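All ligand and atom numbering here is 1-based and tracks the order in the structure. For clarity, every value in this text was computed on a predicted model and none was experimentally measured.
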Amino acid sequence: MGKAARNRVLVINSGSSSIKYQLLDPESSVVAASGIVERIGEDDSAIEHRAESSTTERRVAIADHTAGLRLVFETFAATGHDLEEEGVRAVGHRVVHGGEVFYRPTLIDDDVVATIADLAALAPLHNPANLAGIESARALLPGVPQVAVFDTAFFHGLPAAARTYAIDAKVAAAHGIRKYGFHGTSHEYVSGRVAELLGRDPSEVNQIVFHLGNGASASAIRGGRPVDTSMGLTPLEGLVMGTRPGDLDPGIVAHLARSAHLDIDQIDTLLNRDSGLKGLSGVNDFRELRRRIDSGDEAARLAYEVYIHRLRRYLGAYLIELGGVDAITFTAGVGENSPQVRADALAGLARFGIEVDPAANAAGDRTARRISPPDTPVAVLVVPTNEELAIARAARRVVERLD
Ligand code: ADP
């Protein structure tokens, strides 16, 4: 127990009002426990903690992230994993924006904390929340190395033509304006798994990955290196998402300010929280959207059609950018669980070598699998993402260098 426990990494994904966490062994991928603290700062905050086969749920007022993480540690101890006593190898933190500065998993010290705080200008909704998790974990586990793994890192080396916005270059340089891309940990992990599943070296594979969760992004990857991605300076750009619109005419922002008299924070809220599927149909959850479509809700149907239309537009763009692909892969909540989205996204593309086998697509399997007929030129795959495992492995690689 002792040695195995000490090899484990605690992965923390700290959001504005939640902390998701997982304690796992990066070598064997075995998860010892996981859970979520929700509604931090509200009266009805709660923790749901899963260890082995049991789930512990508690509703209790949690004032801030430190109190939330303290409750996580107490719950670990009460369910057989005293983290302070057992020890953990490292804590791995998901950090959304690494800017131009961080593009590798990074050992956290006071300077790194200060720089992540500075980058909050680029990610005001995310980086402060990530930092709250980092500060709390450093205070509660002072002797344990803490590692930041950045959502933007994988896309740091995007080709200049793909990462540059066509605006005044001096303005862009002064304000760090470029395409950064997000969900990088997922795109990197999933594209690596695709090469494994195809039994080929990553350097030989051209592929497109669709990460379709509540947030959604696409990436074009040539020989293991990303050459384009749909999210931009912020996670707003690209595909239609649960509550974000994806691509918009930027003129809409000025028009809203002038005509609807919205200030910049109201526009930010409109675009981040009240747009996308939710803005069009009233709901952001895909399962609810489907129920509404099935019951004849026209707004829900239109939302779905806009979602698929955007997805296919990116598919077409990336097919051309890559000059053809070996694999197209779907991942995350919607990508892994919605056969209909996968079928509609790729419908009518047999002339490009892209086909989906209806039976393979409909199989409710939860493992990585091919859903195209075996003899078609383009492999269409479903690959469950595992950002926690990728973060844990990255954190372990960093601490191994310290030994
Ligand atoms: P995030 O991590 O971005 O919050 P997830 O990757 O967990 O999101 O994906 C959440 C989305 O996945 C929601 O829209 C949810 O409705 C959708 N989803 C989950 N399960 C299913 C399912 N069985 N069928 C269709 N959509 C699903």
Side-chain angles (χ1 to χ4, degrees), residues 11-22 34-39 48 50 94-96 123 125-126 129-130 133 149 151-152 181-187 189-190 193 209-219 229-231 234-246 272-295 297 300-301 303-304 306-308 310-311 329-345 361-369 371 382-391:
V11 174
I12 295 179
N13 180 355
S14 174
S16 57
S17 65
S18 71
I19 302 171
K20 288 188 207 150
Y21 59 91
Q22 217 176 78
S34 65
I36 181 166
V37 181
E38 286 180 291
R39 295 182 295 281
E48 186 179 311
R50 292 178 297 280
R94 175 185 182 217
V95 180
V96 167
L125 301 176
H126 293 102
N130 303 151
V149 179
D151 244 37
T152 46
F182 298 86
H183 291 146
T185 306
S186 178
H187 285 278
Y189 172 82
V190 168
R193 289 280 292 131
V209 175
F210 287 106
H211 175 112
L212 308 177
N214 209 0
S217 59
S219 65
T229 192
S230 59
M231 284 177 165
T234 76
L236 274 177
E237 192 181 350
L239 301 177
V240 175
M241 313 182 205
T243 63
R244 301 186 194 118
N272 276 291
R273 301 201 197 285
D274 298 323
S275 299
L277 298 174
K278 184 177 172 207
L280 288 171
S281 73
V283 289
N284 63 298
D285 190 290
F286 232 86
R287 286 161 291 194
E288 180 56 24
L289 188 78
R290 270 252 66 84
R291 278 192 282 276
R292 292 197 180 191
I293 294 171
D294 293 343
S295 66
D297 182 330
R301 165 148 301 282
Y304 182 77
V306 174
Y307 182 95
I308 295 292
R310 184 75 51 79
L311 216 152
T329 304
F330 293 88
T331 191
V334 177
E336 291 167 32
N337 295 301
S338 176
Q340 177 121 36
V341 165
R342 299 190 297 257
D344 290 342
N361 188 30
D365 207 326
R366 301 208 55 82
T367 54
R369 64 195 195 278
I371 58 167
V382 177
V383 174
T385 192
N386 194 339
E387 289 160 288
E388 291 80 8
L389 178 60
I391 291 172

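A heavy-atom cutoff of 4.0 Å around ligand 1 is satisfied by the protein residues Gly213, Asn214, Gly215, Asn284, Asp285, Phe286, Arg287, Ala332, Gly333, Val334, Asn337.
Residues passing the side chain to side chain donor-acceptor pair (under 3.5 Å) test with Thr385, sequence neighbours excluded: Ser186. Partners of Ile308 according to the side chain to side chain contact (heavy atoms under 4.5 Å, CB included) rule, which considers only residues two or more places apart in sequence or in another chain, are Tyr304, Arg312, Val341, Asp344. Remark: Ser217 pairs with His183, His187 by the side chain to side chain donor-acceptor pair (under 3.5 Å) rule, at least two apart or across chains.
Side chains of Ser295 and Asp297: a donor-acceptor N/O pair is absent below 3.5 angstrom, by distance only. There is a side-chain donor-acceptor pair under 3.5 Å between Asn337 and Arg366.
Distance OG1/Thr229 to CD/Glu237: 9.0 Å, rounded to 0.5 Å.
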